[in-house]
Number of protein chains: 4
Amino acid sequence: MVVKQRARRDEEKQHRRRTILLAARDLLEERAFTEFTIAAVAERVGLAKGTLFLYFETKEKLYLALLEEMLQDWFTDIDLRLDKLDADIPMQSLSTTLVDSLKNRKLFLTLLSLLESVLEHNIDYETAAKFKWGLLEKVTATGKRLEQRLPSLSLGEGTRLLLHIRALITGLHQMSNTSTVVAKVLEDPAMQVFRIEFEQELEYGLKALIDGFTKKV
Amino acid sequence: MVVKQRARRDEEKQHRRRTILLAARDLLEERAFTEFTIAAVAERVGLAKGTLFLYFETKEKLYLALLEEMLQDWFTDIDLRLDKLDADIPMQSLSTTLVDSLKNRKLFLTLLSLLESVLEHNIDYETAAKFKWGLLEKVTATGKRLEQRLPSLSLGEGTRLLLHIRALITGLHQMSNTSTVVAKVLEDPAMQVFRIEFEQELEYGLKALIDGFTKKV
Amino acid sequence: MVVKQRARRDEEKQHRRRTILLAARDLLEERAFTEFTIAAVAERVGLAKGTLFLYFETKEKLYLALLEEMLQDWFTDIDLRLDKLDADIPMQSLSTTLVDSLKNRKLFLTLLSLLESVLEHNIDYETAAKFKWGLLEKVTATGKRLEQRLPSLSLGEGTRLLLHIRALITGLHQMSNTSTVVAKVLEDPAMQVFRIEFEQELEYGLKALIDGFTKKV
Amino acid sequence: MVVKQRARRDEEKQHRRRTILLAARDLLEERAFTEFTIAAVAERVGLAKGTLFLYFETKEKLYLALLEEMLQDWFTDIDLRLDKLDADIPMQSLSTTLVDSLKNRKLFLTLLSLLESVLEHNIDYETAAKFKWGLLEKVTATGKRLEQRLPSLSLGEGTRLLLHIRALITGLHQMSNTSTVVAKVLEDPAMQVFRIEFEQELEYGLKALIDGFTKKV
DNA sequence: GATGAATGAGTCTTCATTCAT
DNA sequence: AATGAATGAAGACTCATTCAT
């Protein structure tokens with residue numbers, strides 16, 4: 001029975017919440033999502049299983065909180081980069097910007113890929129609504145920024161482009177994360193086509209996608 | 001205990017294998033993937049759970065075999081359509097062709113979306129290798145066809161385009177399949193951005209993607 | 001964290017003890033026994049969970065104290081009524097008296113029904129002894145009163161009658177408190193036999209019981 | 001992994017079902033109801049936990065099945081005894097008959113005492129309805145028999161008497177089953193009043209109750 | 001004394017897989 | 001080959017009780 005220092009003040013509690021999220025983040029970075037259990041997270045933080053339920057009512061809420069935080073970070077980052085981006089620079093640099101913003105965000109990608117298929121299941125209306133409204137806000141704001149940077153986009157197309165960008169990100173991320181056995185199979189030189197280098201391939205795909213979105217007269 | 005007629009000859013065994021796959025296919029079409037349990041498949045085929053393990057050593061092998069068959073079908077279909085496609089027709093019709101080929105292939109999309117994240121886990125090297133080599137062949141062949149149809153593509157870029165097409169398909173498919181609760185949240189008019197109509201959106205995205213791949217000078 | 005005024009003097013502590021018991025009483029009146037958790041009681045009193053354990057070492061001790069208080073009240077009430085009861089009035093009115101004394105004592109009945117099966121577990125010898133000795137005193141006194149009112153009873157039979165009265169009360173109370181699902185089942189007219197109206201049925205049963213106890217020559 | 005002989009034929013399965021029920025019965029005889037968990041029953045039968053769920057879909061269904069069987073037995077027994085009972089013999093022997101029928105049925109009494117408060121919770125409408133209809137049938141039939149033996153009872157009063165008999169049984173049974181600590185407290189000679197000898201006391205109470213039911217002019 | 005965060009044993013239940021029949 | 005009963009490792013979650021603050 002190792003009693004952890006108690007988080008009494010609200011500040012401390014927020015900190016512990018973050019500690020849990022960080023541990024979850026670490027865990028996700030190392031192991032497959034299927035091994036991502038409450039028990040594993042608890043062990044990682046060095047807290048009892050029950051304690052986690054003091055901070056997150058259900059497993060799914062923990063997942064979602066994790067993604068929510070990462071989304072927040074990512075959108076902040078992306079917005080900053082977009083604001084710095086000169087409007088005259090061609091879209092090529094936009095894809096580079098996006099790819100750069102995703103570097104060191106492996107777990108963000110993992111969770112993002114699982115959003116609709118896993119994370120958004122087994123949650124209540126309240127939680128779902130709160131999450132979606134938050135997301136809507138961010139998506140709209142960033143969508144607007146895209147429209148400013150890419151003047152050929154008409155109203156609302158920024159958000160739409162963002163949606164397709166996400167599709168490409170999610171798709172490629174999944175395809176690039178193979179199981180250990182498959183990775184071994186792909187070592188064969190002939191299999192090169194399937195050895196997807198995520199960042200490089202994403203940049204390539206994004207360029208094409210954005211190109212297509214903007215150049216289409 | 002109704003003992004099913006035994007499959008003795010190899011031919012019969014192959015036939016039973018197919019019967020299982022077909023039943024699994026039907027099941028997947030009706031129910032969510034989480035309800036896709038061995039027990040459910042067995043019940044659907046009218047065979048015992050244990051029997052399934054005579055034909056597929058693990059659950060994942062069954063999944064993979066299912067996808068393998070569907071991939072076979074889809075590539076055959078797509079190749080046929082590509083061969084019929086006149087080389088002079090602009091790429092716009094290529095996206096339409098692709099979208100058309102995916103109509104009535106809901107389960108194919110479901111499984112394809114789960115390939116790397118679920119299906120390729122818990123299988124042995126042999127199975128993985130066999131699957132990947134088969135896929136390589138198909139991908140290469142269809143990639144070549146794309147290069148023929150889209151002359152601006154250089155050697156090998158057909159396969160690469162195919163890869164990005166799949167990424168977009170997988171990404172959009174996942175995004176368009178929301179849980180019941182989320183669906184309810186999305187009923188709000190303001191949430192329209194998140195209510196993704198798969199086929200329509202895919203066509204839009206594919207056009208842009210292919211456009212970008214080809215027009216890029 | 002709102003720290004409640006500390007109870008320093010013994011008098012204050014007794015007062016707080018009572019406050020807790022009263023809150024627990026209220027809670028039990030509203031909710032089913034299964035929802036009667038320490039957390040719920042604490043919330044109701046406006047004290048912290050831990051504080052409750054300063055006044056009651058175990059959950060069961062709290063229960064028992066609660067029942068003890070209610071028993072005290074009830075015996076006081078019943079004794080008063082018995083004293084007012086004219087010795088010449090037939091026993092019929094005794095059952096009425098008893099039933100009347102139980103009106104508005106729902107939670108008393110609930111706890112009484114759980115005495116041996118739940119409340120008296122997980123307590124120490126001391127507590128058990130104290131409780132039982134107190135009860136003995138009350139039972140004996142009221143038993144005596146019964147013997148005075150019902151002259152046909154021989155020495156000690158008053159207590160014995162009391163015992164059987166309690167058995168009937170406990171039994172009927174339990175039988176009349178059905179779960180929601182069962183209540184729905186009992187809506188069927190054919191199920192009328194099982195729809196027990198506690199007070200009415202108790203009066204009926206008590207009459208018979210007391211009748212039998214007294215008229216038996 | 002001790003694989004138990006498999007129950008293949010329907011007959012064997014019924015037998016295993018009974019084995020489980022018997023084990024549950026034994027367990028209940030030895031330990032308190034709170035310790036009566038699926039895990040404990042499984043260990044007792046020497047089966048895996050999961051196996052129990054093949055025979056009983058939920059914990060509550062197991063409980064109810066247990067009681068259902070015992071009720072069946074008891075009513076059969078009681079009806080037989082009532083049929084043999086000469087109508088001319090006074091009701092005194094009726095109480096004796098009832099008490100006799102309850103000898104060696106400790107666990108039946110335990111479960112019966114928990115029927116409304118525990119067993120009938122957390123079950124679905126179907127199960128509840130099936131149980132109640134079965135019970136209704138038995139209660140009605142036995143109620144009729146009582147009316148035949150006790151001619152002073154008017155139509156329907158047999159069932160009503162049965163109801164009160166059950167209340168007394170349940171009440172006394174609970175009161176007579178004390179926890180270990182309380183039992184120790186009751187060793188004091190002064191506590192004799194609380195040392196309830198179930199059978200003896202039930203006979204006494206039943207006599208009075210039946211007397212009251214019948215003699216009431 | 002008061003607090004409430006932390007604990008962790010304990011509960012039911014699911015399901016892929018095994019193996020006696 | 002076919003069967004399906006048996007397995008048991010997980011898994012999420014609850015709650016009385018403890019104890020650092």
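Computed over heavy atoms, backbone and side chain alike; hydrogens, waters and symmetry mates excluded. Numbered from 1 within each chain, the chains take letters A, B, ... in sequence-line order.
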Stems of at least 3 consecutive Watson-Crick or G-U wobble pairs (donor-acceptor distances under 3.5 Å) involving DNA chain F, listed by first number, are E:2-21 with F:2-21

Among the nucleotides E:dG1, F:dG8, E:dA5, whichever has the atom closest to the side chain of A:Arg6 is E:dA5

Rounded to whole Å, CZ of B:Phe56 lies from P of F:dA2 at a distance of 12 Å

* Asked: Taking the side chain from A:His121 and the backbone from A:Glu116, do they hold a donor-acceptor pair closer than 3.5 Å?
  -> yes

Taken in chain and number order and not counting sequence neighbours, the residues that satisfy salt bridge (charged side-chain N to carboxylate O under 4.0 Å, His left out) with A:Glu69 are A:Arg18, A:Arg25

Expected string for nucleotides 10-17 of chain F under the B/S/- scheme (protein heavy atoms, under 4.0 Å, primed atoms plus P, OP1, OP2 as sugar-phosphate) is BSSBB-SB

Can I get a per-line list of side-chain donor-acceptor pairs under 3.5 Å for residues 35-50 of chain A, giving both atom names and the distance, sequence neighbours left out?
from    : atom 1 : to      : atom 2 : distance (Å)
A:Glu35 : OE1    : A:Arg31 : NE     : 3.0
A:Glu35 : OE1    : A:Arg31 : NH2    : 3.1
A:Thr37 : OG1    : A:Ala40 : N      : 3.1
A:Arg44 : NH1    : A:Glu30 : OE2    : 3.2
A:Arg44 : NH2    : A:Glu30 : OE1    : 3.1

note: C:Arg8, atom CZ; E:dG1, atom P; distance rounded to Å ~ 9 Å

In whole angstroms, the gap separating C1' of E:dT13 from CG of D:Asp124 amounts to 16 Å

C:Arg17 atom CZ is separated from E:dA2 atom P, nearest whole Å, by 14 Å

With the side chain defined as heavy atoms from C-beta on, A:Leu54 is closest, among F:dG8, E:dA5, E:dA2, to E:dA5

Across all chains, not counting sequence neighbours, the side chain to side chain contact (heavy atoms under 4.5 Å, CB included) partners of C:Val182 are C:Thr178, C:Ser179, C:Leu186, D:Glu120, D:Ala128, D:Lys132

When rounded to whole Å, the CD1 to C1' distance for the pair A:Ile20 and E:dA6 reads 11 Å

By salt bridge (charged side-chain N to carboxylate O under 4.0 Å, His left out), B:Lys13 pairs with (sequence neighbours left out) none

ask   = What's the verdict on side-chain contact (heavy atoms from CB on, under 4.5 Å) for C:Phe131 and C:Leu119, showing C-alpha distance, side-chain angles and the deciding distance?
value = CA-CA 11 Å; C:Phe131 178 77; C:Leu119 277 55; over 6 Å; no

Short side-chain N/O contact from B:Arg16 to OP1 or OP2 of F:dA1, under 4.0 Å = no

Rounded to whole Å, CD of D:Glu11 lies from C1' of F:dA5 at a distance of 16 Å

C:Glu11 meets the side chain to side chain donor-acceptor pair (under 3.5 Å) criterion, sequence neighbours left out, with C:Arg9

Side chain to side chain contact (heavy atoms under 4.5 Å, CB included) filter on A:Leu54, not counting sequence neighbours, yields A:Thr51

F:dA1 phosphate, OP1 or OP2, under 4.0 Å from B:Tyr55 side-chain N/O: no

A:Asp10 CG to E:dG4 C1', in whole Å, measures 13 Å

Separation of E:dC15 atom C1' from D:Leu52 atom CG, nearest Å, is 16 Å

Across all chains, not counting sequence neighbours, the side chain to side chain donor-acceptor pair (under 3.5 Å) partners of C:Glu57 are C:Lys61

